[in-house]
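See structure below.
Numbering starts at 1 and runs along the sequence shown. Below, all heavy atoms of this structure are taken into account, side chains as well, without hydrogens, waters or symmetry copies. All of these numbers come straight from a predicted model, not from anything done at the bench.
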Amino acid sequence: MMRFLPVLVCLFLAACSSIPGGLAPLSAVRAPFRPVDTYPTPPNVDRMIGPDDCRGSTLAAIEAPTPAYPGGAYSRGRQGWVVVRFHVYADGSVHRARVARAVPDGPFNRASTRAVLNWRFRPLDGVEVLENCVVMFEFRAGEVEIR
């Protein structure tokens, strides 16, 4: 029986390749978003920024993808927001991304910090590091927005 398994797999893959457009990836097939909780009131992010936070150079994003809506939170109909603080070094790389506040705490934290750690900016002008830059992600109705 085990000798035929590779043959069956090859036949299945050959059959799938004959489907116009191929098979949709599993991640692309999602049920409609059905919220189970209301969207929590977001904070005033401007009030969270101190007078010395992220000052000294202008940030210009080269690459700043939004996080993917976490599958578990999507399927459970969860909504919320996450405020992430991070440092930008002179070469434009991001370091020390950490959650400053999140509601609810947990389901969106990892996706948010990972996304920020993958961001890249143009090299900074005249400073070694911009400390405590702030961004907020809204996870609402199955979509993600940057605020």
Side-chain angles (χ1 to χ4, degrees), residues 5-6 9-10 12-147:
L5 187 59
V9 169
C10 288
F12 176 74
L13 292 175
C16 291
S17 67
S18 66
I19 297 172
L23 290 177
L26 290 177
S27 62
V29 180
R30 277 194 160 172
F33 184 81
R34 290 186 169 75
V36 297
D37 51 10
T38 58
Y39 182 76
T41 304
N44 182 334
V45 178
D46 291 337
R47 289 186 181 177
M48 297 179 74
I49 300 171
D52 296 326
D53 289 344
C54 207
R55 301 279 192 253
S57 183
T58 302
L59 284 178
I62 294 172
E63 186 177 352
T66 57
Y69 212 103
Y74 185 95
S75 65
R76 291 181 190 93
R78 302 301 310 267
Q79 301 183 97
W81 49 263
V82 177
V83 176
V84 177
R85 287 189 173 272
F86 59 97
H87 296 343
V88 178
Y89 287 175
D91 65 355
S93 62
V94 174
H95 296 273
R96 296 193 60 205
R98 63 219 178 270
V99 173
R101 285 187 61 200
V103 174
D105 189 24
F108 307 109
N109 295 6
R110 180 180 292 169
S112 298
T113 55
R114 282 185 179 174
V116 172
L117 285 171
N118 287 319
W119 287 4
R120 297 293 170 256
F121 296 92
R122 279 197 213 140
L124 303 178
D125 292 327
V127 296
E128 291 297 315
V129 63
L130 291 181
E131 295 180 335
N132 292 318
C133 298
V134 177
V135 65
M136 184 176 92
F137 297 106
E138 291 184 333
F139 294 84
R140 187 178 203 171
E143 302 291 327
V144 183
E145 289 188 27
I146 297 175
R147 297 284 177 190

With F33, the ring-ring contact (aromatic ring centres under 6.0 Å, His included) member among Y39, F139, Y74: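 That would be Y74; it is the only one of Y39, F139, Y74 passing the ring-ring contact (aromatic ring centres under 6.0 Å, His included) with F33.
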
Working to the nearest 0.5 Å, report the span between [atom1] of [X] and [atom2] of [Y].
X	Y	atom1	atom2	answer
W81	R140	CH2	CZ	13.0 Å
E145	M136	CD	CE	9.5 Å
N132	M48	CG	CE	10.5 Å
E131	C54	CD	SG	10.0 Å
T66	E138	OG1	CD	12.5 Å
I49	R85	CD1	CZ	7.5 Å

Counting C-beta onward and ignoring hydrogens, is there a side-chain heavy-atom pair between [X] and [Y] closer than 4.5 Å?
X	Y	result
F137	V116	yes
R101	P43	yes
L124	L59	yes
Q79	T38	no
P70	R110	no

With distance as the sole test, does [X] use its side chain to make a donor-acceptor pair with the main-chain N or O of [Y] at under 3.5 Å?
X	Y	answer
S57	D125	yes
H87	A97	no
E63	N118	no

Exceeds 12 heavy-atom contacts within 6.0 angstrom, atom CZ of R76: no

Over 12 non-hydrogen atoms of neighbours within 6.0 angstrom of CZ in R122: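 No, not enclosed.
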
Smallest separation among heavy atoms of [X] and [Y], with atom names:
X	Y	answer
A64	I146	O-CD1, 4.4 Å
F86	W119	CZ-CZ3, 4.2 Å
G50	D53	N-OD2, 2.8 Å
P104	G80	CD-CA, 3.8 Å
G56	V127	O-CG1, 3.6 Å
V103	P40	CG1-CB, 3.5 Å

Option passing side-chain contact (heavy atoms from CB on, under 4.5 Å) with V134 (candidates V84, V45, D46): V45

Of all pairs that satisfy disulfide (SG to SG under 2.5 Å), the ones with a partner from residues 76-124, not counting sequence neighbours: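 For residues 76-124, and leaving out neighbouring residues, there are no disulfide (SG to SG under 2.5 Å) pairs at all.
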
Ring pair (Phe, Tyr, Trp, His ring centres under 6.0 Å) partners for Y89, two or more places apart: H95

